[in-house]
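This is the structure I have questions about; it appears just below.
All chains are named by letter (A, B, ...) in the order of the sequence lines, taking the proteins before the strands, and each is independently numbered beginning at 1.
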Amino acid sequence: MSDAPRFRFAPSPTGFFHVGGARTALYNWALALRTGGTFVLRIEDTDESRNSPEWTQGIIDALAWLGINSDSPQFEGPYFQSANAELHKAAAMRLWQQGDAYWCDLTAEQIQARAKENGKQGYDGYSRDRGLEPGPGRVLRFRVPAGVTVVRDLVRGDVEFQNDTIEDFVLLRGNGSPMFLLANVVDDIEMRVTNVVRAEEHLPNTPKQQMLWAALGRTPPVWAHVPVLVNEQRKKLSKRRDKVALEQYRDEGILAAAMTNYLMTLGWAPSGDTEIVPWSRIVEEFRLEDVNHSPAFFDVKKLAAFNGDYVRMLSPAEFIAAAQPFVRGEMPWPAERFDDAVFAQVAPLIQTRIGALSDIPSMVDFFFLTDPPVDADAWAKTMTADFAADVLGAMADGLRTAEWDHESIKSVLDGFTESRGLKLGKTQAPVRVAITGRTVGPPLFESIEILGRDESLRRLDAALAKVR
RNA sequence: GCCCCCAUCGUCUAGUGGCCUAGGACACCACCCUUUCAAGGUGGCGGCACGGGUUCGAAUCCCGUUGGGGGUGCCA
């Protein structure tokens, strides 16, 4: 048996893949790669009915998108916690037989009443020495030993917990099903997990799990509790308020490389003065010991900036390939009007102008639409210039005879601009609106060239008719 | 209430007792470049929460305060 480390990643089926979970997955994966270890995926729910094949496939796809490929020899799973219920129960019975657990018949109401009576919250250990046998409705509780539990954590150092502040927690429910704390430990033992990297919110649970490891006669794994991701209110990212679904960022055209890179800079930083680094460098340099202790704000703006950088790093061919899902399907233009050759020419012009890939359609739609929508404000702002009709007319006249290349097209407008003593920045505006419908967009002359003589003239003439 | 964690520019971070008049990135501002918008270039704004120690010397170590976060389920 190999002694290579085994890192488990254990998301629970919540219906989507949380960006915080994605970061933890990345941590585990980077570590597995560097150490030659294994990334163990376990779908975490003790209740089988909550597992969904769709969700499991979704998470495998999302992991693959991040570069954590289930085909890799260093990837193991998915395992399903709910499939191990018998093992969990057996461990619980063993704990009972060796005296580390006991049965309790108190209801939630009774526990609360007792707590109120003795002025303390939580369960008071009432059934500890009552020697109850198992029975319907009875829960099995762990007998928390006296003393101190020290959690040795790679990120936080040694964290001490006084055992008398930890109540005798439930191992088996009244219906006999196992609780996750127990299930977790048993599965980790079963799957020979050596390293647990998870979010900080689990730290208070850790002494309980560590006591279970000890009671089961095993050495606990190496723990690492990494800081949570928070929103601008400094609260843990929540599904209700925040955009936390990894899939959503993927669908909006955030590049996987940008997402992984950005996620890794939350709570950690590569050496040197730049945060934009290839994954190989991250694998080389990432250390749990270097991870920050405080929560990090998930800044969508910075993610967009990272993504912009990664989009610009793409070769033209790569960019065109990456853009495909965002120019096909439900689009502002009729599908049959889309032209690959045209898009190939346009692509380099828009590559520096987009944040996410989903920005593409609104930037290129005028190439594929017969009558692109004209922005009312843009029209009002540009077509009221006293030279508007003149420039449109001059442009149309010039284009009819010009050579159809970038220089010639430009010289037509240059000629008009010079003759009027105006700035090109001003005279191009009405032309741009006539051609594209907007005041902003890809470079004008290139756009006209790509659009072609007939269509360009048609739009110019149409605009001219409206202005006069 | 009790337990635990945390605290460097607005944000993400570098910093592990002298290299710190605290470095970088995002955002913001200005200028340059420029056919719009971007991209790019240059520069600017801006921070060690507070109070005590320890030390020749503290952002860095200790204590306290304040502030934030998490946990405290027969949820995971």
Side-chain angles (χ1 to χ4, degrees), chain A residues 10-14 44-47 50 81 104 106-108 111 119-123 137-141 151 153 155-156 159-162 164-167 169-181 183-184 199-207 225 227-228 230 232-236 262 265-276 290 292-306 308-309 311-312 349-355 363 378 382 409-410 413-414 417 423-429 431-433 436 438-447:
Chain A
S12 48
T14 47
E44 200 93 330
D45 206 307
T46 55
D47 183 351
R50 279 195 296 255
Q81 181 157 76
C104 175
L106 253 40
T107 62
I111 290 170
K120 277 189 184 168
Q121 293 209 332
Y123 176 69
R138 291 183 178 177
V139 301
L140 187 70
R141 286 181 180 275
V151 173
D153 188 286
V155 174
R156 283 153 215 286
V159 185
E160 277 191 17
F161 295 84
Q162 299 296 325
D164 57 17
T165 65
I166 300 170
E167 66 176 42
F169 52 95
V170 173
L171 264 19
L172 252 31
R173 297 186 181 88
N175 67 6
S177 65
M179 294 284 288
F180 97 103
L181 230 38
N184 238 277
E200 186 192 351
E201 63 207 72
H202 293 286
L203 186 53
N205 279 332
T206 311
H225 289 90
V228 294
V230 297
E232 48 279 272
Q233 280 95 238
R234 301 252 114 209
K235 297 257 193 282
K236 197 171 74 167
Y262 176 62
T265 65
L266 259 22
W268 178 80
S271 63
D273 271 351
T274 170
E275 296 176 317
I276 306 281
D290 297 335
N292 260 213
H293 298 179
S294 42
F297 170 51
F298 185 81
D299 186 355
V300 177
K301 267 178 139 176
K302 189 159 180 176
L303 203 214
F306 269 53
D309 271 11
V311 166
R312 272 167 249 126
L349 303 178
I350 61 171
Q351 198 168 346
T352 60
R353 291 176 166 77
I354 59 162
M363 199 152 290
T382 57
I409 294 167
K410 179 173 189 295
L413 188 56
D414 276 342
T417 304
K423 285 240 166 57
L424 190 52
K426 290 197 80 83
T427 55
Q428 62 90 37
V431 180
R432 175 179 294 282
V433 173
T436 73
R438 303 190 193 89
T439 53
V440 300
L444 182 58
F445 306 124
E446 287 81 348
S447 296

Which part of the nucleic acid, if any, lies within reach of A:Ala269 when heavy atoms closer than 4.0 Å are counted: base, sugar-phosphate only, or nothing?
sugar-phosphate

For B:rG46 and B:rA38, measure between their C1' atoms and round to the nearest Å.
26 Å

Tell me what A:Pro207 touches on the nucleic acid: a base, only sugar-phosphate, or nothing, going by heavy atoms under 4.0 Å.
nothing

Measure from NZ on A:Lys236 to P on B:rG69 and round the result to the nearest Å.
13 Å

Looking at B:rG40, I'd like to know if its phosphate oxygens (OP1 or OP2) sit under 4.0 Å from a side-chain N or O belonging to A:Arg353.
no

Once you round it to whole Å, what is the distance between C1' of B:rC26 and CZ of A:Phe298?
13 Å

Side chains of residues 171-181 of chain A: which donor-acceptor partners sit under 3.5 Å, not counting sequence neighbours?
unit_1, atom_1, unit_2, atom_2, d
A:Arg173, NH1, A:Ser177, OG, 2.8
A:Arg173, NH1, A:Pro178, O, 3.1
A:Asn175, OD1, A:Ser177, N, 2.9
A:Asn175, OD1, A:Ser177, OG, 2.7

C1'-based separation of B:rG40 from B:rC50 [nearest Å]
43 Å

Both distances under 3.5 Å, Watson-Crick or G-U wobble: report the partner of B:rU54, or none.
none

Please find the pair of heavy atoms, one from A:Val433 and one from A:Ala378, that lie closest to each other, and give the distance.
CG2-O, 4.0 Å

Report the distance from atom NZ of A:Lys302 to atom P of B:rA25, rounded to the nearest whole Å.
10 Å

Donor-acceptor contact present, side-chain A:Arg353 to main-chain A:Leu349, <3.5 Å:
yes

Can a donor-acceptor pair under 3.5 Å be found between the side-chain atoms of A:Thr352 and the base atoms of B:rA38?
yes

Sorted by chain and number, sequence neighbours left out, side-chain contact (heavy atoms from CB on, under 4.5 Å) with A:Val139 holds for A:Cys104, A:Arg141, A:Val170

For B:rC20 and B:rA59, measure between their C1' atoms and round to the nearest Å.
9 Å

Could you state the CD-P distance from A:Gln162 to B:rC4, rounded to the nearest angstrom?
8 Å

Where the side chain of A:Asp273 is defined as all heavy atoms beyond and including C-beta, which of B:rU16, B:rG23, B:rC12 is the nearest nucleotide?
B:rG23

Nearest whole Å is fine: how far is B:rG69 P from A:Glu232 CD?
13 Å

A:Gln351 and A:Val311, any side-chain heavy atoms less than 4.5 Å apart
yes

Could you tell me whether the side chain of A:Arg156 and the main chain of A:His225 form a donor-acceptor pair under 3.5 Å?
yes

Atom P, compared across B:rA27 and B:rG64: separation rounded to whole Å:
41 Å

Both distances below 3.5 Å, Watson-Crick or wobble geometry, any strand: find the nucleotide opposite B:rC74.
none

Set of side-chain contact (heavy atoms from CB on, under 4.5 Å) partners for A:Glu44, sequence neighbours left out:
A:Ala10, A:Ser12, A:Arg42, A:Gln81, A:Asn184

When you get a sec, tell me which of B:rC12, B:rU35, B:rA38 is the closest nucleotide to the side chain of A:Leu444?
B:rU35

Taking only the C1' atom of each, what is the distance from B:rG47 to B:rA22 in whole angstrom?
9 Å

Please enumerate all protein N or O atoms sitting under 3.5 Å from an N or O of nucleotides 73-76 of chain B, with distances to 0.1 Å.
unit_1, atom_1, unit_2, atom_2, d
B:rC74, O2, A:Gly174, N, 2.9
B:rC74, N4, A:Leu106, O, 3.3
B:rC75, OP2, A:Arg173, NE, 2.4
B:rC75, OP2, A:Arg173, NH2, 3.0
B:rC75, O3', A:Arg173, NH2, 3.2
B:rA76, OP1, A:Thr46, OG1, 2.4
B:rA76, OP1, A:Arg173, NH2, 2.5
B:rA76, OP2, A:Arg173, NH2, 3.3
B:rA76, OP2, A:Phe180, N, 3.4
B:rA76, O3', A:Glu44, O, 2.8
B:rA76, O2', A:Ser12, OG, 3.2
B:rA76, N6, A:Asn205, ND2, 3.3

Separation of B:rU16 P from A:Arg156 CZ (nearest whole Å):
21 Å

Examine the base of B:rG70 for any acceptor or donor lying under 3.5 Å from a partner atom in the side chain of A:Glu200, and report the outcome as yes or no.
no

Just jot down the side-chain contact (heavy atoms from CB on, under 4.5 Å) partners of A:Val440, sequence neighbours excluded, or say none.
none

What is the distance, rounded to the nearest whole Å, between atom CG of A:Asp164 and atom C1' of B:rC3?
11 Å

Roughly how far apart, to the nearest Å, are B:rU65 and B:rC2 at atom P?
13 Å

Does B:rC19 pair with anything, Watson-Crick or G-U wobble, both distances under 3.5 Å, and if so, with which nucleotide?
none

So, does A:Arg312 get its side chain near the phosphate of B:rG40, meaning an N or O under 4.0 Å from OP1 or OP2?
yes

Rounded distance in Å - CD (A:Glu446) to C1' (B:rU36):
12 Å

Nearest to the side chain of A:Ala296 - B:rC26, B:rU13, B:rC5?
B:rU13

What's the gap between B:rA14 and B:rU60 when it is taken at their C1' atoms, as a whole Å value?
13 Å

Per A:Val159 side chain, nearest of listed nucleotides B:rU35, B:rC5, B:rG70
B:rC5

For B:rA49, give the paired nucleotide (Watson-Crick: N1-N3 plus N6-O4 or O6-N4; G-U: N1-O2 and O6-N3; both under 3.5 Å), or none.
B:rU65

Without swapping roles, check the side chain of A:His293 against the backbone of A:Pro227 for a donor-acceptor pair under 3.5 Å.
no

Kindly say if A:Lys235 contacts the phosphate of B:rG69, meaning a side-chain N or O under 4.0 Å from OP1 or OP2.
yes

Which value, in whole Å, describes the distance between the C1' atoms of nucleotides B:rU13 and B:rU66?
24 Å

Check the phosphate of B:rA7 against A:Asn292, side-chain N and O only, distance under 4.0 Å to OP1 or OP2. Yes or no?
no

Give A:Tyr262 one of three labels, base, sugar-phosphate or nothing, depending on what nucleic acid heavy atoms sit under 4.0 Å from its own.
nothing

Taking only residues two or more places apart in sequence, or in another chain, which ones meet A:Ala199 in a side-chain contact (heavy atoms from CB on, under 4.5 Å)?
A:Glu201, A:Val228

Out of B:rU35, B:rG40, B:rG68, which nucleotide sits closest to the side chain of A:Arg234?
B:rG68

Side chain of A:His293, heavy atoms from C-beta onward: which of B:rG70, B:rC6, B:rU11 has the nearest atom to it?
B:rC6

My understanding is that only one of A:Val300, A:Ile276, A:Asp299 makes a side-chain contact (heavy atoms from CB on, under 4.5 Å) with A:Tyr262; could you say which?
A:Asp299

Mapping A:Phe297 and A:Thr439 onto RNA chain B by nearest heavy atom, which one lands closer to the 5' end?
A:Phe297

If we call it a pair only when both distances are under 3.5 Å in a Watson-Crick or G-U wobble match, what pairs with B:rA30?
B:rU42

Whichever of A:Gln428 and A:Val155 has its nearest RNA chain B nucleotide further upstream toward 5':
A:Val155

